[in-house]
Amino acid sequence: MKKITYLLLPVLFFTTFLYSQSTHESHKTKTEPNEIYKKIKITNPSSEMMNKLGRIGLDLDCGSQFDSNGDLLIEVSAYEESKVKKITSYQVIIEDMESFYAKRASKNLPQAKSILKTQKLSKTKSNNKTTSLKSTTYGNITHRFENTEIDWAVPTNFQLGASFGGCLTVDETLAQLDLMRSLYPNLITAKVNASPTDQRTIEGRPVYVVKISNSAIAGTKPETLYTGMTHSREVSSLMNLTYFMWYLLENYATDPDVKNLVDHHDLYFIPIVNPDGLTYNQTQSPTGGGMQRKNRRDTGACTTYLDGIDLNRNWGTYWGYDDQGSSPDGCDDTYRGTAGFSEAETTIIKDFFLLHNFKTSINHHSYKNAALHGRAAFYHPNNNTANAPVLTGRENEYYQYSHDMTQFSRYAYGSSPNISYWNNGNCNDWMNEGSGKNTLCWTPENGATTGEGGFWPTPTQITPIAKRAVRMNFIAGFYSGVYAKLHDLTKSDITSTSGTLNFGLERVGQTSGNFTLTVTPISSNILSVTNVAVQSGMTVLEQRNLDVNFTLSPTIANKEKIEFEVTLSNGSYIIYKTRIEKYYNPTSIFTSTANPTTLALAGW
């Protein structure tokens with residue numbers, strides 16, 4: 001008996017090994033021509049037509065957009081096109097997206113690299129002054145009152161991919177993570193598999209995670225999660241993160257806001273959720289343009305890019321809620337798999353997520369120039385608009401945060417069903433509801449169809465798209481912690497030698513804590529100020545009016561400048577510090593009837 005067992009075990013091992021190898025290699029050696037994707041236009045589709053398109057498995061979130069005439073532009077595989085033909089007419093705009101993307105990238109990439117090199121050599125600092133803000137030394141990112149965005153200086157070490165349409169390959173990304181670690185060992189951890197059990201993808205790859213935080217400062221810190229490349233053709237979802245990571249590391253020593261974020265928060269990055277899919281795109285289309293969206297699970301009779309599970313339809317919450325927000329067809333781009341968390345990639349991130357207490361999460365995708373949030377699976381029960389809406393209870397937080405994230409990018413924002421289309425088995429719904437962690441999550445769809453280029457952007461547009469995402473990444477980080485915004489509600493003209501300086505304090509951070517407002521005279525004509533008490537017990541989005549009493553010199557002259565410094569802190573660091581100028585009895589050119597103090601009572 002012992003002899004038989006001894007003989008059978010090697011046979012069993014060898015058979016298993018052969019099966020494993022054949023399964024792995026089958027994804028690498030498929031000889032069929034790549035599935036052709038086209039861009040098509042459907043003229044002014046009705047709501048019912050959109051529902052029909054959802055039911056045949058089209059992805060109506062990533063990349064589908066309406067033009068100014070209300071026509072739907074969407075990229076579809078030949079398999080999906082055959083389904084569209086059965087339900088509606090359409091016009092083909094681009095015959096072969098992979099070829100289109102690849103040819104454009106080959107032509108444009110040298111120029112993109114040249115521009116990037118020039119940008120690195122000519123970094124400029126943004127002018128942060130306005131009429132009433134003389135100088136802001138802390139909080140310029142979150143307290144920006146100008147009408148233009150900060151010009152986020154291109155990090156010296158930010159790189160485009162060598163040849164892959166400007167996108168970093170898996171190996172190039174891992175090399176970037178290693179370089180970050182070697183240059184900033186106290187600010188970023190070495191890359192590790194996010195799986196606590198060392199689980200790998202179907203092709204044996206880890207899903208790597210790193211943490212950016214000052215390791216010299218101990219203690220429990222608010223946590224934020226950033227992910228990219230869930231869909232492995234969405235270039236900007238990866239490039240936005242490497243840009244932001246380098247920006248944090250390279251500006252830590254010189255930018256007090258960056259230092260505050262890195263010192264007092266734990267920022268986790270999973271740049272490539274779907275390494276198998278990205279590797280497959282590189283294999284099939286090495287100059288860029290590969291259309292693999294899903295992971296590399298063999299789903300049956302599908303060809304090349306159609307194999308796989310849509311990892312953003314494979315999460316356990318509302319998985320398979322209906323066949324419009326995900327597909328049961330293994331060859332569709334929105335195929336959800338056989339069960340929630342059937343795939344290693346989603347399971348790895350789930351297991352990692354449950355070990356943490358993430359307050360906010362940004363899960364980057366492309367493209368639509370929109371910031372989507374949960375609930376994604378439905379807005380009305382059974383997605384029937386005749387039913388009353390079912391709210392998450394956190395709409396106010398989502399709307400305020402989304403506004404602040406998109407203040408300058410002007411991305412559309414809202415829940416997926418409201419501004420895009422519903423999708424079930426989505427990571428946002430699980431992270432917010434299913435995980436029990438109540439994490440606020442967004443899926444930014446970065447990039448536009450017109451002028452920027454789609455899933456594989458024109459290489460010269462990769463950096464501008466990444467810059468546009470910097471603010472939302474910062475907001476997600478800061479707002480996970482003890483954070484508030486301060487609003488100056490005092491009129492520019494002061495007409496009495498005694499009175500109150502009026503401020504509005506608004507808690508926007510997910511972590512509770514205390515806030516201290518300190519007003520310090522700068523000009524000698526301010527004789528005294530009486531600061532208010534420490535503000536405690538504020539709820540998220542609560543607004544308070546704070547009045548600081550002041551006394552001016554009795555000899556102050558008309559039109560004389562009054563200058564003071566305002567500092568808002570949270571006990572760990574300074575959130576906002578700026579100098580503010582007012583004037584005593586100035587000559588008025590025009591007068592507004594709006595009273596800032598009255599406006600404050602109405603929510604500012």
Side-chain angles (χ1 to χ4, degrees), residues 62 155 157-162 164-184 187-195 200-201 205-213 223-250 262 266-282 290 292-293 295 311-312 344-346 348-349 352-353 356 358 360-366 427 441-447 455-457 462-463 465-467 469-470 472-474 476-477:
C62 297
N157 286 290
F158 174 71
Q159 298 293 334
L160 298 175
F164 188 35
C167 180
L168 296 173
T169 66
V170 172
D171 287 343
E172 287 173 336
T173 302
L174 300 184
Q176 288 277 289
L177 298 182
D178 290 341
L179 180 60
M180 292 177 187
R181 171 67 175 173
S182 68
L183 294 177
Y184 302 95
L187 300 182
I188 185 169
T189 60
K191 66 180 188 299
V192 296
N193 189 354
S195 171
R200 307 294 177 102
T201 67
R205 294 183 178 88
V207 175
Y208 284 111
V209 63
V210 296
K211 179 178 75 172
I212 291 182
S213 187
E223 297 178 318
T224 300
L225 176 65
Y226 303 88
T227 71
M229 204 53 83
T230 295
H231 294 147
S232 49
R233 63 190 181 190
E234 298 176 9
V235 172
S236 290
S237 68
L238 166 60
M239 304 304 289
N240 291 357
L241 289 184
T242 58
Y243 191 99
F244 181 58
M245 294 167 74
W246 277 121
Y247 190 93
L248 292 175
L249 297 171
E250 293 184 10
V262 174
D266 286 341
L267 311 175
Y268 289 87
F269 294 86
I270 301 178
I272 303 176
V273 171
N274 186 4
D276 292 355
L278 186 57
T279 301
Y280 188 70
N281 273 334
Q282 182 189 2
Q292 180 69 26
R293 163 189 167 92
N295 75 355
L311 297 176
N312 208 31
E345 295 89 346
T346 51
I348 288 169
I349 299 176
F352 174 78
F353 194 95
H356 294 269
F358 294 114
T360 54
S361 177
I362 298 287
N363 304 297
H364 280 287
H365 285 250
S366 70
C427 69
C441 306
W442 284 261
T443 300
E445 297 282 359
N446 301 278
F455 291 125
W456 292 82
I462 291 175
T463 299
I465 294 170
K467 282 188 174 186
V470 169
M472 67 180 75
N473 290 330
F474 266 119

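Every value quoted in this text rests on a predicted model; they were computed, and no experiment measured them.
Between the CG atom of L278 and the CD atom of E234 there is a distance of 11.5 Å, given to the nearest 0.5 Å. Here OG1 of T173 is found 3.5 Å from CD1 of I272. Values are rounded to the nearest 0.5 Å. Separation of atoms CG (N240) and CD1 (I462) is listed at 10.0 Å; rounding is to 0.5 Å. With rounding to the nearest 0.5 Å, the separation of CE in M180 from CG in L187 is 12.0 Å. Rounding to the nearest 0.5 Å places CG of L238 at 5.5 Å from CG of L168.
Residues satisfying the salt bridge (charged side-chain N to carboxylate O under 4.0 Å, His left out) test with R200, not counting sequence neighbours, are D198. Partners of D178 under the salt bridge (charged side-chain N to carboxylate O under 4.0 Å, His left out) rule, at least two apart in sequence or in another chain, are K191. For the side-chain hydrogen bond (donor to acceptor under 3.5 Å, both in side chains) test, residues two or more places apart in sequence or in another chain that qualify with S213 are K221, D266. Annotation: side-chain hydrogen bond (donor to acceptor under 3.5 Å, both in side chains) contacts of S236 (sequence neighbours excluded): none. With sequence neighbours left out, the side-chain contact (heavy atoms from CB on, under 4.5 Å) criterion links D171 to T169. Partners of H231 by ring-ring contact (aromatic ring centres under 6.0 Å, His included), not counting sequence neighbours, listed by chain and number: H365. With sequence neighbours excluded, the residues satisfying ring-ring contact (aromatic ring centres under 6.0 Å, His included) with F158 are Y243. Remark: T360 engages T224 in a side-chain hydrogen bond (donor to acceptor under 3.5 Å, both in side chains) (not counting sequence neighbours). Scored by the ring-ring contact (aromatic ring centres under 6.0 Å, His included) test, F353 finds F358, W430 as partners (sequence neighbours excluded). Shown here are the ring-ring contact (aromatic ring centres under 6.0 Å, His included) partners of F244, two or more places apart in sequence or in another chain: Y226, F474. For L183, the side-chain contact (heavy atoms from CB on, under 4.5 Å) partners are N157, L179, W246, not counting sequence neighbours. Here S361 pairs with N363 under the side-chain hydrogen bond (donor to acceptor under 3.5 Å, both in side chains) rule; sequence neighbours left out.
Looking only at side-chain heavy atoms (C-beta outward), F455 and C62 come within less than 4.5 Å of each other. Counting heavy atoms from C-beta outward, T201 and N295 have side chains that stay 4.5 Å or more apart. Using a 4.5 Å heavy-atom cutoff, the side chains of Q282 and V170 are not in contact.
Between V273 and E345, the shortest heavy-atom distance links the atoms O-CG, 3.5 Å. Taking each heavy atom of A466 and M239 in turn, the nearest pair found is CB-O, 4.2 Å. When all heavy atoms of V210 and M245 are compared, the pair lying nearest together is CG2-CE, 3.5 Å. Considering every non-hydrogen atom in both P271 and M229, the closest pair reads O-CB, 3.6 Å. Across I348 and N193, no two heavy atoms sit closer than the pair CG2-OD1, 4.3 Å. Residue P457 comes nearest to V235 through the heavy atom pair CD-CB, 3.7 Å, listed as atom of the first residue, atom of the second, then distance.
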Give the intermediate values and the outcome of side chain to side chain contact (heavy atoms under 4.5 Å, CB included) for residues F164 and N281.
-> CA-CA 9 Å; F164 188 35; N281 273 334; 4.0 Å; yes
F352/V207 under side chain to side chain contact (heavy atoms under 4.5 Å, CB included): CA gap, chis, key distance, verdict | CA-CA 11 Å; F352 174 78; V207 175; over 6 Å; no
Check against side chain to side chain contact (heavy atoms under 4.5 Å, CB included), H364 and N473 | CA-CA 10 Å; H364 280 287; N473 290 330; 2.9 Å; yes
Verdict with reasoning, H356 to Y268, per side chain to side chain contact (heavy atoms under 4.5 Å, CB included) = CA-CA 10 Å; H356 294 269; Y268 289 87; 3.3 Å; yes
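Judged purely by distance below 3.5 Å, without hydrogens or angles, the side chains of N312 and T230 never pair a donor atom with an acceptor atom.
Using modelled atom types, one side-chain atom of R181 and one backbone atom of I188 make a donor-acceptor pair closer than 3.5 Å. In terms of modelled atom types and a separation under 3.5 Å, the side chain of S232 and the main chain of Q292 share a donor-acceptor contact.
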